Every structure is written in C-alpha cells, then in structure tokens.
Amino acid sequence: MKSKIIKTSDAPPPAGHYCQAVRASGSFVFISGQTPRQTDGQRLSDASFEMQAHQTLKNLKAVATASGLTLDDAVKVNVYLRRHEDRAEFDRVYREYFKEPSAARALVQSSFIDFDVEVDAILQDPTEAGKPR
C-alpha cells in the first residue's frame, strides 16, 4: 500500500518542509512533532508550561483524528522537554489525553528556544493490524 499524507486545519500547519502525518503500509500513522502552536501558526511561547503542554497534545490529538484514529491507538510517543523539571507536570497533563494502558514512551531533554515541549507519536490502526500483506 502506498503511503498517504495526513493533513488537517484543526492543527497548525507545518513550520518547515514536512507534513503533519503519514499513514504507511495501511496500519501505521507517523505523526510529526507537534508543538504549542495554534491553528493560525502562532506559537504560545510566553504561555505557562501547562498551557503549552495542553496545546501540544490538542494538536497531536487533532492530527490523530484527521488520520481516522485516536490517541488510544498510539503505540509509541516521544516527548521532548526544554526543562527536565517539567516532567511531573507534563505527566499530569499527558494523563488527560492518554488512557491506561498508554503507549510506550520516551522523554528527552531538548534545547528549545521559543517553546517548552514537543511531542510526536506512532499510531497503529487496529482494523488494519492483523490483515495479511
């Protein structure tokens, strides 16, 4: 099966040369890193960490929805934080978007300048997962 580009106006447009997400092999959706940007592209640089985390995860959820899936279909999530000490607050917000049992996850400290958090994810379509190739 050919890859399909996923695009939605419910999340901000890419800030560079990439797409919001790609559905590959029918079963997997790879969501590009989402940051605390509004749908008009405005970055919430001066907002609290909590607001930035919520906006980032709302964007991730919007792209997942555009792919026909939900965050419940996540199998791997990568989280990038500017400050390691924000991890407990991020976990609290994360639980509002991801139910137990949640996906495998990595948390990495990053050197962002204009924002505090970025999240990408891999989703698996449960209706496609068991189909033969």
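It should be emphasised that the depicted structure is a prediction, and the values quoted were computed from it without experimental measurement.
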Original post:
More than 12 foreign heavy atoms under 6.0 Å from CG of D40: is that the case here?
Top reply: yes
**OP:** Please tell me if the side chains of V22 and I5 come closer than 4.5 Å, counting only heavy atoms from C-beta onward.
**Re:** yes
Original post:
For the atom pair CG (D10) and CG (N59), what is the distance rounded to the nearest 0.5 Å?
Top reply: 10.0 Å
Original post:
Does E50 pair with R92 as a salt bridge, N-O distance under 4.0 Å?
Top reply: yes
Subject >> Any donor-acceptor N/O pair, S67 side chain to A64 backbone, under 3.5 Å >> reply: yes
Subject >> Pairing of K61 and D72 as salt bridge, 4.0 angstrom limit >> reply: no
Subject >> Reported CZ-to-CD distance for the pair R37 and Q42, which is rounded to 0.5 angstrom >> reply: 10.5 Å
Original post:
Is D125 paired with R23 through a side-chain N to carboxylate O contact shorter than 4.0 Å?
Top reply: yes
Original post:
Is the shortest heavy-atom distance from the side chain of Q20 to the side chain of L60 under 4.5 Å?
Top reply: no
Original post:
Got Y97 and K58 here, is their nearest side-chain heavy-atom distance under 4.5 Å?
Top reply: yes
Original post:
Could you give the distance from OH (Y80) to CG (L107), rounded to the nearest 0.5 Å?
Top reply: 10.0 Å
Original post:
Would you say D73 and P126 make side-chain contact, with heavy atoms under 4.5 Å?
Top reply: yes
**OP:** Without swapping roles, check the side chain of Q34 against the backbone of S32 for a donor-acceptor pair under 3.5 Å.
**Re:** yes
Original post:
Is any side-chain heavy atom of T65 closer than 4.5 Å to a side-chain heavy atom of T8?
Top reply: no
Subject >> Flag side-chain contact, heavy atom, 4.5 Å: Q38 against L44 >> reply: yes
**OP:** Using side chain to side chain contact (heavy atoms under 4.5 Å, CB included) as the criterion, point out the one residue from V119, V117, V79 that pairs with L57.
**Re:** V119
**OP:** Please name all residues satisfying ring pair (Phe, Tyr, Trp, His ring centres under 6.0 Å) with F90, sequence neighbours left out, ordered by chain then number.
**Re:** Y94
Subject >> Q52 side chain to D116 backbone, donor-acceptor under 3.5 Å >> reply: yes
Original post:
Going by distance alone, is a donor N or O of one side chain under 3.5 Å from an acceptor N or O of the other, for R82 and S111?
Top reply: no
**OP:** Report yes or no: do F49 and V77 belong to one cluster of Ile/Leu/Val/Met/Phe/Trp/Tyr joined by side chain heavy-atom distances under 4.5 Å?
**Re:** yes
Subject >> Euclidean distance, E118 CD relative to D120 CG, rounded to 0.5 Å >> reply: 7.0 Å
Original post:
Could you state the interatomic distance from CD (Q124) to CZ (F28), rounded to the nearest 0.5 Å?
Top reply: 4.0 Å
**OP:** Enter the distance from E96:CD to L71:CG here, rounded to the nearest 0.5 Å.
**Re:** 12.5 Å
